[in-house]
Amino acid sequence: MGIKGLTKLIADEAPEAIKEHKVEHYNGRTVAVDASMAIYQFLIAIRHGSGGAAASQLTNEAGEVTSHIQGLFNRTIRMLASGIKPVFVFDGKPPTLKGGELDKRREKREKAESELKKAQEEANVEEQDRQSKRLVRAGKKESADCKKLLELMGVPWLEAPCEAEAQCAALAKIGKVYAVATEDTDTLTFATPRLLRNMTSAGDNPIKEIDYKKMLEGLGLTHAQFIDLCILMGCDYTSNIRGIGPKSALTLIKKYGDIEHVLENISKGKYQVPPEWLPRIKVRKPSSLPPSAPPSVSPVEEGDKAMPGDENACKTAEVDSKAGMEGEKEEGIKAAAIVAREVAPDEPAKSVEGEVMEMPAYVMARALFVQPEIHDPAELNFKWVEPNEAGLEAFLIDSLGFNPDRVKSGIAKLKASRGAMQQKRLDSFFKPSGSSSTSSTTLKRKEAPAAAKGKGKAKFGGKKK
DNA sequence: ACTCTGTGTCTAGACGTG
DNA sequence: TGACACAGAGT
DNA sequence: CACGTCC
């Protein structure tokens, strides 16, 4: 999803942060690409005739989908032909979300499934098409296909421990890549210095580049405030406050500095803060403590449980795994907003014996943005090597049934772009002006393991402590 | 009168030929 | 998923 | 440029 309405807000409030460049501007530069998102888009976009029978994807004779391979093959060649050196970053395990968000996601999915079934019974082709698109996902199989393809093409890739966007941002921050190409705006929330949009689609139409520093200046925010702004506006990790959109969020953050102080100052009558945004205490049942609220805290005033859609499913998975989930008692705490801020963002705080303070949802979201799980970008090095011609032909032609002429012409372009790449190095040796690697000066070249070959996947879930 | 939010809608890649 | 237009609530 | 095809 990204951050709701962020693009428009930037265009309105910090237009100087957006510049347009032609593709040539990126000649010789390294760009991290969110592979999972690209795969998803290929799967949705590359299909035949939405007219006649239900639209279907491209497949080989065995019926395996090849749309994503077709798309990635072409796009990668296109980038290389423009002199852009892509690194593809795949998603790892999905992040830990608040229960409420997971439920919403599941509900949407189930709804799409039932709508699809209904459309099939009614033979409503249009509706079938629409709903089946909503069910498309970039799964493990598709990712594996694409990794194999990239290796054969001699293009580096890497699998992030968790979210690709976070890993891309980390690479860009230390200059390992010049920019990140994605349509997903929460890449900015990870402080990507340069975000490229519109990298897709044909030749000469300009690429929009968003400059992170200029964006902060234009909005008049610090990085920490920008993160809070994004959470208020609505991000993937938590729900947001009804009635607060982009404009109000920006105004409030500028006025009060952070979410804690926004919550203290907004009228509780006007806005309904989601229950999971309030700090809550979980009390362990078996303990000898009285089941009521602890003495040192006072319950929050009105409107805690008055929420219409209040499932009590809004629990933090991390907390659940530790404390048993039976019979927890939830109480809002007035003063605890401040306490929660000082708590280590990764760990539930123990306030009193037998009690675990559950972090407010926005604090968890903040932690996911501030300290995402990533591979140390300094340890990663990328190489663009000669394509494996025989391997590509075997994979694409023999195994997937691609048109031999198209494959061969693709390979020819690959080789040509490699030649141009080498030539550019020589040029920049003599004329070091507009060259790419700003990084090589500051980074000691490590002899680290060449670009992650699918192994060494960091464990998720295991919270480092 | 104006501003903002929340709702719905539509759409989503790249190539080669004519 | 995102971008856009429009309606409706709120100021 | 629009349109059909890619598998």
Side-chain angles (χ1 to χ4, degrees), chain A residues 1-13 23 33-34 36-52 55-82 105 108-109 112 126-127 129-138 145-146 149 165 181-188 197-205 208 232-236 239-252 267 269-272 395-410 413:
Chain A
M1 209 228 265
I3 309 301
K4 203 177 60 178
L6 181 57
T7 311
K8 191 166 176 296
L9 186 76
I10 296 172
D12 291 344
E13 308 292 329
V23 196
V33 181
D34 176 10
S36 303
M37 167 159 289
I39 293 172
Y40 173 78
Q41 288 174 330
F42 291 141
L43 288 174
I44 285 185
I46 307 182
R47 345 168 102 205
H48 336 79
S50 32
S56 60
Q57 333 234 172
L58 272 44
T59 62
N60 68 358
E61 284 190 349
E64 298 168 310
V65 174
T66 55
S67 296
H68 54 299
I69 302 175
Q70 176 83 217
L72 184 64
F73 185 60
N74 288 330
R75 182 175 293 182
T76 306
I77 289 171
R78 169 184 276 280
M79 283 182 156
L80 288 165
S82 313
R105 215 163 276 195
K108 276 189 180 174
R109 191 169 182 81
E126 285 253 321
E127 192 62 18
D129 199 50
R130 182 172 308 172
Q131 297 301 337
S132 67
K133 279 181 181 175
R134 310 192 81 187
L135 293 171
V136 167
R137 267 197 309 189
D145 293 340
C146 290
L149 176 67
E165 303 297 342
T182 179
E183 306 302 310
D184 193 344
T185 47
D186 55 12
T187 310
L188 280 172
R197 311 194 79 190
N198 230 18
M199 198 73 166
T200 69
S201 93
D204 285 347
N205 52 355
K208 287 199 183 98
L232 273 183
M233 288 173 62
C235 68
D236 287 346
S239 52
N240 56 339
I241 302 173
R242 189 181 178 92
I244 296 185
K247 303 279 189 181
S248 315
L250 179 59
T251 307
L252 289 169
S267 149
K270 228 50 181 169
Y271 297 107
Q272 290 192 320
F395 183 45
L396 296 177
I397 300 174
D398 300 340
S399 163
L400 297 178
F402 279 45
N403 181 319
D405 288 338
R406 288 181 179 237
V407 172
K408 287 190 165 84
S409 102
K413 285 185 195 167

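All values derive from a computational prediction rather than experimental measurement. Labels below follow one simple rule: chain letters A, B, ... track the order of the sequence lines, proteins then strands, and each chain is numbered from 1.
Separating the P atom of C/dG2 from that of B/dC15 is a span of 25 Å, rounded to the nearest Å. Taking the C1' atoms as reference points, B/dT7 lies 39 Å from D/dC7, given to the whole Å. B/dT11 and D/dC3 have their P atoms separated by 15 Å, with the value rounded to a whole Å. B/dG8 and D/dC6 have their C1' atoms separated by 34 Å, with the value rounded to a whole Å.
Between the CG atom of A/Leu43 and the P atom of B/dA14 there is a distance of 14 Å, given to the nearest Å. In this structure, A/Leu252 places its CG atom 13 Å from C1' of B/dC4, rounding to the nearest Å. Atom-to-atom, CD of A/Gln131 to C1' of B/dT11 comes out at 14 Å; the value is rounded to the nearest Å. One interatomic measurement links the two molecules: CZ of A/Arg242 to P of B/dG6, which rounds to 6 Å at whole-angstrom precision. The nearest whole Å value for the distance from the CG atom in A/Asn74 to the C1' atom in D/dC7 is 12 Å. We find that CG of A/Asp129 is positioned 11 Å from P of B/dT11, with the value rounded to whole Å. To the nearest angstrom, P of B/dC10 lies 13 Å from CZ of A/Arg134. Taking atom CG on A/Asn198 and atom P on C/dG2, their separation rounds to 14 Å, with Å as the unit.
When the nucleotides C/dG2, D/dC6, B/dG6 are ranked by their closest atom to the side chain of A/Lys4, B/dG6 comes out on top. Distance from the side chain of A/Ser248 is smallest for B/dC4 among the nucleotides D/dC7, B/dG16, B/dC4. Minimum atom distance to the side chain of A/Ile46 is reached by B/dG13, of the listed D/dC7, B/dG13, B/dC4. Nearest nucleotide to the A/Thr200 side chain, out of B/dG16, B/dA12, B/dG13: B/dG13.
Note on A/Leu400: only backbone sugar-phosphate atoms sit closer than 4.0 angstrom, heavy atoms only; bases stay farther off. Residue contacts shown for A/Gly245 are limited to sugar-phosphate atoms, with no base heavy atom under 4.0 Å away. Across all strands, A/Ile244 comes closer than 4.0 Å only to sugar-phosphate atoms, never to a base (heavy-atom distances). Among the heavy atoms of the strands lying under 4.0 Å from A/Thr66 are primed sugar atoms or P, OP1, OP2 only; no base atom is included. Looking at heavy-atom distances under 4.0 Å, A/Lys108 makes no contact with the nucleic acid at all. Contact annotation for A/Gly5: no contact, since no heavy-atom pair falls under 4.0 Å across all strands.
Atom CZ of A/Arg137 has 12 or fewer neighbouring heavy atoms from other residues, nucleotides or ligands inside a 6.0 Å radius. Few gaps surround CZ on A/Arg197; more than 12 heavy atoms of other groups in view lie less than 6.0 Å from it.
Within 3.5 Å, a donor on the side chain of A/His48 pairs with an acceptor on the base of D/dC7, or the reverse.
Distances shown here put a side-chain N or O of A/Arg75 below 4.0 Å from the OP1 or OP2 atom of B/dA14. Dashed line: the shortest gap from a side-chain N or O of A/Ser67 to OP1 or OP2 of D/dC7 is not under 4.0 Å. Note on A/Arg130: every side-chain N or O is 4.0 Å or more away from OP1 and OP2 of B/dT11.
A distance of 9.0 Å separates OG1 of A/Thr200 from CE of A/Met79, quoted to the nearest 0.5 Å. If you take CD on A/Gln57 and CD1 on A/Ile44, they are separated by 9.0 Å, rounding to the nearest 0.5 Å. In this structure, the separation between NZ on A/Lys8 and OG1 on A/Thr185 is 14.0 Å, given to the nearest 0.5 Å. Rounded to the nearest 0.5 angstrom, A/Lys108 NZ and A/Arg134 CZ are separated by 7.0 Å.
Contacts classified as side chain to side chain donor-acceptor pair (under 3.5 Å) and involving residues 242-251 of chain A (residues at least two apart or in different chains) are given here: A/Glu13-A/Lys247.
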With a 3.5 Å cut-off and sequence neighbours excluded, list the donor-acceptor pairs that the side chains of residues 395-404 of chain A form with protein atoms.
{"residue": "A/Asn403", "atom": "OD1", "partner": "A/Asp405", "partner atom": "N", "Å": "2.8"}
{"residue": "A/Asn403", "atom": "OD1", "partner": "A/Arg406", "partner atom": "N", "Å": "3.4"}

For nucleotides 3-8 of chain C, print each protein N/O atom paired with a nucleotide N/O atom at under 3.5 Å, atom names and distance only.
{"residue": "C/dA3", "atom": "OP1", "partner": "A/Arg197", "partner atom": "NH1", "Å": "2.9"}
{"residue": "C/dA3", "atom": "OP1", "partner": "A/Arg197", "partner atom": "NH2", "Å": "3.2"}

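With A/Leu188 as the fixed residue, the side-chain contact (heavy atoms from CB on, under 4.5 Å) test singles out one of A/Ile10, A/Ile3, A/Thr7: A/Ile10.
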